[in-house]
Chemist: 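Structure provided below as structure tokens; questions to follow.
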Amino acid sequence: MYSVRRWAVRHAGGLDKFYQGFETLLVKLHPLWEKIGYQRLERPVAKIEQLCKGLLFDCKMCGQCALSETGMSCSMNCPKNLRNGPCGGVRQNGNCEVKEEMRCVWVEAWDGNRKMQTGERILAVQLPVDFSKKGSSSWLSRVRDVQQQAVTESTAEHSSGKQ
Amino acid sequence: MVIHDEPTPGEMLPILTGHSSAGRLERVLRAGHFAVTAELAPPDSANPHDVYTRAELFDGHVDAMNATDGSGANCHMSSVGICALLTRIGYAPIMQVSCRDKNRIAIQGDVLGAAAMGVSNILCLTGDGVQAGDHPQAKPVFDLDCMSLLETVRGMRDKAQFLSGRKISDPPKVFLGAASNPFAPPLDFRPHRLAKKIAAGAQFIQTNYCFDVPRFKEFMARSRDLGLLEKVFILPGVGPMASARTANWIRNNVPGIYIPDSIIERLAGAKDQKKEGQQLCVELIQELSEIEGVSGIHVMAYRQEESVAEIIKSSGVLQGRVPWYPGRDQKLLQERARL
């Protein structure tokens with residue numbers, strides 16, 4: 001919903017903090033997720049994610065959430081799917097070039113970003129969207145990424161310790 | 001500047017040390033000359049001569065010309081097609097690539113094909129929305145955005161691999177460009193976005209029409225503060241407006257073009273509005289060329305392409321330099337012999 005989505009941007013700071021906590025919890029529960037099986041979890045978790053984020057952000061379930069990099073304004077709502085900032089077509093009143101009545105997703109993102117502690121993340125270049133991930137849960141994907149990273153780091157430390 | 005190893009058409013110049021491409025535009029810019037680029041009007045025909053006659057209008061006045069890729073979301077001859085014709089006789093095109101009509105598979109293929117034909121400059125754009133053009137029913141693609149497109153082409157060139165990681169045996173040696181619109185909101189994000197484009201691989205920038213010089217100066221000052229001016233060549237965009245009415249129409253109907261009221265009033269108050277529009281363009285070029293960090297100018301003379309040569313000449317920015325065009329050197333020799 002458009003009005004809720006704009007509310008979310010106005011409260012980007014709080015939502016970002018909440019998500020950081022939520023993500024830490026999800027990562028901590030990794031052994032539990034593993035016990036149940038990530039594959040078995042995929043569909044129900046994706047459904048819950050879709051409901052929550054759909055309501056709050058008009059989430060399009062791209063499966064590679066970038067809300068923390070986009071001031072809590074979902075960039076997949078940009079008619080051009082821009083992941084890296086506003087196009088040159090933004091109207092002088094800050095509205096979208098394509099949907100005249102909608103505020104530019106990236107004008108919103110820039111506002112939301114200022115309310116977040118991790119505001120510099122909007123400046124990082126985002127990779128091309130992986131459309132094969134569409135519809136999947138980015139929460140679960142994030143947990144597995146963090147887990148994987150921890151494993152790689154610990155093996156790297158381990159092997160460097162040997163030398 | 002005379003480049004002594006000018007090519008016979010179809011043959012590439014050698015790539016100089018520190019350069020990414022064999023192109024003239026990169027050579028001119030890196031040599032510190034004030035570069036001039038212009039937008040070629042893409043024909044609505046399958047006749048190659050339509051491309052050549054339009055290109056000829058710029059002979060001796062531009063270092064490279066932009067082959068647009070469905071600009072304004074209107075259908076015209078493709079940028080790849082125009083580039084194929086232009087490179088065939090030695091011209092230096094800047095191939096525009098928009099993300100609106102093609103996905104990553106098609107785009108990467110086009111980049112290889114274009115580079116193989118001798119295209120040395122690629123301008124990576126997101127593209128106007130389909131609603132702006134003559135086929136609003138079309139399906140917008142937008143698989144990549146301008147930023148990931150820059151990264152993709154840079155990866156093809158520097159890592160010799162496709163986005164998938166698959167190897168490219170002979171990478172495309174191209175000079176990478178991007179667009180910038182310093183005049184669209186959010187204004188304070190624009191210099192940061194420029195920084196992102198540079199981080200993604202942009203080596204030169206062409207901007208949208210620049211009618212508001214103070215606002216452009218502000219953008220350049222912020223970009224300088226971010227340390228961007230040494231990392232990229234910036235060519236602000238200019239163009240003559242045929243009349244106050246045209247300017248007003250463009251302002252209201254073409255996405256991303258900002259024309260202040262004062263400009264429209266000046267045009268409306270002139271006796272010969274077309275002439276005034278050209279005069280204004282000359283003045284803007286002169287004013288912009290004085291700004292720190294401006295390396296050249298990009299002329300978009302929509303439906304007034306025949307006036308570009310005169311505008312460039314009147315502005316004096318080439319300082320006597322004659323950019324290459326087919327037959328230039330023979331012509332210069334003949335002129336010298338006559339004297």
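Note on naming: letters A, B, ... go to the chains in the order of the sequence lines (proteins, then strands), and numbering restarts at 1 for each one.
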Chemist: Out of A:G88, A:P79, A:G94, which one racks up the most heavy-atom pairs below 4.5 Å with chain B?
Modeler: A:G88
Chemist: Name the option with the most non-hydrogen atom pairs under 4.5 Å to chain A; the candidates are B:S180, B:A184, B:C146, B:P140.
Modeler: B:A184
Chemist: Using a 6.0 Å cut-off, check whether atom NZ of B:K139 has over 12 heavy atoms from anything other than its own residue.
Modeler: no
Chemist: For the candidates B:M147, B:K196, B:K197, which exhibits the highest count of non-hydrogen atom pairs separated by less than 4.5 Å from chain A?
Modeler: B:K196
Chemist: Just give me the residue among B:L187, B:D188, B:V141 that pairs up with chain A most often, heavy atom to heavy atom, under 4.5 Å.
Modeler: B:D188
Chemist: When you measure from the side chain of A:K80 to the backbone of B:G127, do you find a donor-acceptor pair of N or O atoms at a distance under 3.5 Å?
Modeler: yes
Chemist: Looking at B:L149, B:L144, B:D143, which has the largest count of heavy-atom pairs under 4.5 Å with chain A?
Modeler: B:D143
Chemist: I'd like to know if the side chain of A:Q92 and the backbone of B:F183 have a donor-acceptor N/O pair within less than 3.5 Å.
Modeler: yes
Chemist: Heavy-atom count around A:Y19 OH within 6.0 Å, excluding the residue itself: above 12?
Modeler: yes
Chemist: Given the rule in the side chain to side chain contact (heavy atoms under 4.5 Å, CB included) test, do A:F131 and B:R104 qualify, once you have shown the distances and angles that lead to the verdict?
Modeler: CA-CA 11 Å; A:F131 284 94; B:R104 60 192 83 182; 3.6 Å; yes
Chemist: Between B:A199 and A:V125, what is the shortest heavy-atom contact and its length?
Modeler: CB-CG2, 4.1 Å
Chemist: The test is side chain to side chain contact (heavy atoms under 4.5 Å, CB included); show your working for B:Q131 and A:E97 and say whether it passes.
Modeler: CA-CA 9 Å; B:Q131 91 292 339; A:E97 168 203 320; 3.2 Å; yes
Chemist: What are the two closest non-hydrogen atoms of B:T152 and A:P128, and how far apart are they?
Modeler: OG1-CG, 4.4 Å
Chemist: With a 6.0 Å cut-off (strictly less than), is the heavy-atom count around NZ of A:K99, excluding the residue itself, greater than 12?
Modeler: no
Chemist: Working note: A:N84 + B:R193, criterion side chain to side chain contact (heavy atoms under 4.5 Å, CB included); need CA distance, chi angles, decisive distance, verdict.
Modeler: CA-CA 8 Å; A:N84 280 293; B:R193 183 156 158 83; 4.3 Å; yes
Chemist: Work out which heavy atom in B:H192 is nearest to a heavy atom in A:L123; give both atom names and the distance.
Modeler: CB-CD2, 3.6 Å
Chemist: Which class fits the ring pair B:F189 and A:W110: parallel under 30°, tilted 30 to 60°, perpendicular over 60°?
Modeler: parallel
Chemist: So does A:Y2 have more than 12 non-hydrogen atoms from other groups sitting under 6.0 Å from OH?
Modeler: yes
Chemist: For chain B, find which of A:C78, A:A124, A:C104 contributes the most heavy-atom pairs closer than 4.5 angstrom.
Modeler: A:A124
Chemist: CG of A:L29: more than 12 outside heavy atoms within 6.0 angstrom?
Modeler: yes
Chemist: For A:R114, look at atom CZ and say whether over 12 heavy atoms of other residues, nucleotides or ligands are found less than 6.0 Å away.
Modeler: yes
Chemist: Taking the side chain from A:R83 and the backbone from B:D145, do they hold a donor-acceptor pair closer than 3.5 Å?
Modeler: no
Chemist: Identify which part of B:L163 has an atom lying under 4.5 Å from any heavy atom of chain A, answering side chain, backbone, both or neither.
Modeler: side chain
